[in-house]
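Taking it in order: structure first as structure tokens, then the write-up.
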2 protein chains.
Amino acid sequence: MIKSLTRKQQEIFDFLLQHQDRFSHPPTLEELCASMGLKSRGSLHNHIKALISEGLIEAPERKQRGIRLTEYAKQMINSSDDQSALPFVGFIAAGKPIEAVENITYMAIPEQLKTQKPCYVLKVKGDSMLEQGIYDGDWVIIEQRCHARNGEIVVALVNKSEATLKFIEQYPHETLLIPANSTMEAMRYNPAQVEIQGVLVGQMRSYTKNH
Amino acid sequence: MIKSLTRKQQEIFDFLLQHQDRFSHPPTLEELCASMGLKSRGSLHNHIKALISEGLIEAPERKQRGIRLTEYAKQMINSSDDQSALPFVGFIAAGKPIEAVENITYMAIPEQLKTQKPCYVLKVKGDSMLEQGIYDGDWVIIEQRCHARNGEIVVALVNKSEATLKFIEQYPHETLLIPANSTMEAMRYNPAQVEIQGVLVGQMRSYTKNH
DNA sequence: TAGCAGCAGAACAAATAAAGAACAAGTAAA
DNA sequence: TTTACTTGTTCTTTATTTGTTCTGCTGCTA
């Protein structure tokens, strides 16, 4: 599972995984020693340090609050049993290809913000949908499909290279991509130049600015 | 489980949870001491203070027999299996009291849109925060607290009757509630008239219009 | 050999917990 | 109302628990 752990470290981590529910409080080093059959906290602490630097457990510095698994570690056991989660796949900025994120993470999305069809999450860079209430840094939930009705907001791939989030208007000989920002102008394309990658179904914004 | 409690604090909280029905009156510190096997009220009181600042219990100042569990604490017992869900409690329209919904439902909210503190979800009616990208029909995630910094967006209760979602500016002799809509004007109040009920930490919008 | 993983134990500092004194606000009885 | 008692609160002092660092030891392996 994890490469750089020694046998003993793996053993301790497995123990914590299996018994995470058994402890009403996060276990102290002393309790863990007893469980692992050790007599010295100092010995155990070296393993703990290793697990912390792997990001698997956390132990608030100096605080006597015991050893906890990180969210990351919990995800490793049951990462696929959450139906409500959607993948956060990357960033979309008008005029650039979608910038994929290296490790895909999953976000819990309320039912009301998605559809029955496959959906994914992007983060918006730029102000092209400003007047539609979609700001720089907002997340958007996109339903994956390759066609849209006029007036929907779509993720469009132009000339197989530039992705953008815009209103779409499709006519027999012309496709318009229209920003919701009066300082920008609508773009006119040959329908063959524009490929629809998905349709906007939801939007989210954090006001705590830690992301 | 709650992160920032020490073991003794957790122990006392657990005791209060288990025995909330047994006491016809809320227990005194003395009675709690006896139950926890302590000899000094002073010792216990420190833990009580910690639980209060965590928002788990309430103790009206100086009142005797005043220790009660918070709504938030009670909510934790029955929803402890689903950490990501927040209650959708009702609608907020500028100038009206919060319209509570009859059956509280729970929405799965991504971590990035909430805080460690208790939060709840409201649905917005009206356009008073239009220029901040909060539209009629959007959901907002509110952190439950009774104070705010200037410039934050708060749920404020004015004259104990009208709830509203506005920017807040607090000065010694005046509290301003400022809409993000240039067609509306800031409202000036005596600080005593304005009660803060929560602070905006997240926002969500559906584009499928079925809600 | 050197190097690594692992264990035990000593020692230290910070966090946590307890007891008790003292005081003020609430409560109830006279 | 006055008085006595209870209860909540604050503070200081002391003790205990816990996380952390170090040193020294053992066995294993390349």
Side-chain angles (χ1 to χ4, degrees), chain A residues 1-17 19-20 22-70 73, chain B residues 1-17 19-20 22-70 73 116 146:
Chain A
M1 179 174 344
I2 301 139
K3 267 194 223 149
S4 46
L5 292 187
T6 68
R7 259 199 305 270
K8 195 69 184 184
Q9 287 160 10
Q10 183 75 52
E11 192 182 327
I12 292 171
F13 180 57
D14 289 344
F15 178 85
L16 286 170
L17 278 184
H19 297 81
Q20 53 173 331
R22 286 249 299 266
F23 294 107
S24 56
H25 313 284
T28 63
L29 288 184
E30 200 76 53
E31 289 168 338
L32 266 186
C33 276
S35 303
M36 307 301 299
L38 298 180
K39 292 181 181 176
S40 158
R41 274 174 295 160
S43 325
L44 181 65
H45 189 253
N46 284 321
H47 302 299
I48 296 298
K49 272 195 295 188
L51 290 174
I52 290 175
S53 65
E54 286 295 320
L56 294 171
I57 64 177
E58 41 190 12
E61 223 177 308
R62 278 275 170 199
K63 304 274 185 188
Q64 308 180 185
R65 301 287 170 89
I67 311 290
R68 298 163 221 275
L69 295 170
T70 56
Chain B
M1 176 156 328
I2 305 130
K3 249 207 210 132
S4 44
L5 293 187
T6 68
R7 315 197 118 207
K8 199 68 188 184
Q9 288 159 11
Q10 180 81 50
E11 197 180 319
I12 292 170
F13 180 60
D14 289 345
F15 179 86
L16 287 172
L17 277 184
H19 297 81
Q20 53 174 330
R22 295 230 195 125
F23 294 108
S24 51
H25 304 292
T28 64
L29 288 185
E30 200 75 54
E31 290 167 341
L32 267 185
C33 274
S35 304
M36 308 302 300
L38 298 181
K39 293 179 182 174
S40 158
R41 274 172 293 156
S43 322
L44 180 67
H45 190 254
N46 283 323
H47 298 145
I48 297 296
K49 274 196 295 189
L51 290 175
I52 291 174
S53 67
E54 284 297 315
L56 293 171
I57 65 177
E58 298 171 317
E61 231 179 297
R62 284 274 170 200
K63 290 283 180 190
Q64 300 179 184
R65 292 190 173 274
I67 296 179
R68 282 162 225 279
L69 293 173
T70 329
Q116 307 297 337
C146 54

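All of these numbers come straight from a predicted model, not from anything done at the bench. Protein chains get the first letters and strands the later ones, always in sequence-line order, with residue 1 at the start of each. Below, each value reflects all heavy atoms present in this structure, side chains not excepted, and no hydrogens, waters or symmetry copies.
No donor-acceptor contact under 3.5 Å links the side chain of Gln64(B) to the base of dT27(C). Checked by distance alone, Ser43(B) brings no side-chain donor or acceptor within 3.5 Å of a matching partner on the base of dA17(C).
In this structure, Glu61(A) places its CD atom 13 Å from C1' of dA15(C), rounding to the nearest Å. Across the protein-nucleic acid pair, Glu11(B) atom CD and dT16(C) atom C1' stand 13 Å apart, rounded to whole Å. Distance CZ (Arg7(A)) to P (dG27(D)): 17 Å, rounded to an integer number of Å. Counting to the nearest Å, the P atom of dG6(C) and the CG atom of Leu44(A) are 12 Å from each other.
Separation of atoms CE (Met36(B)) and CD1 (Ile12(B)) is listed at 5.0 Å; rounding is to 0.5 Å. For the atom pair NE2 (His19(B)) and CG (Leu17(B)), the distance works out to 10.5 Å, reported to the nearest 0.5 Å. Distance check, rounded to the nearest 0.5 Å: NE2 of His47(A) to CD1 of Ile57(A) gives 11.5 Å.
Only Leu38(B), Lys39(B), Ser40(B), listed by number, bring a heavy atom of residues 25-41 of chain B to less than 4.0 angstrom from any atom of DNA chain C. Taking a 4.0 Å limit (strictly below) on heavy-atom distances, residues 46-53 of chain B reaches DNA chain C at His47(B).
Taking only side-chain nitrogens and oxygens, Lys8(B) never comes nearer than 4.0 Å to OP1 or OP2 of dA15(C). A close approach under 4.0 Å does occur between a side-chain nitrogen or oxygen of His45(A) and OP1 or OP2 of dT20(D).
The minimum heavy-atom distance between Glu58(A) and Leu69(A), with the atom names listed, is OE2-O, 4.0 Å. Shortest non-hydrogen contact noted between Ile67(A) and Ala59(A) is CD1-CB, 4.0 Å.
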Steps toward side-chain contact (heavy atoms from CB on, under 4.5 Å) verdict (Lys49(B), His45(B)):
CA-CA 6 Å; Lys49(B) 274 196 295 189; His45(B) 190 254; 3.8 Å; yes

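Leu32(A) is not listed as a side-chain neighbour of Leu38(A), based on a closest heavy-atom distance of 4.5 Å or more.
The residue from Gln64(B), Lys63(B), Arg62(B) that alone fulfils the side chain to side chain contact (heavy atoms under 4.5 Å, CB included) condition with Pro60(B) is Lys63(B).
Not counting sequence neighbours, the partners of Glu31(B) by the side chain to side chain contact (heavy atoms under 4.5 Å, CB included) test are Pro27(B), Thr28(B), Arg65(B).
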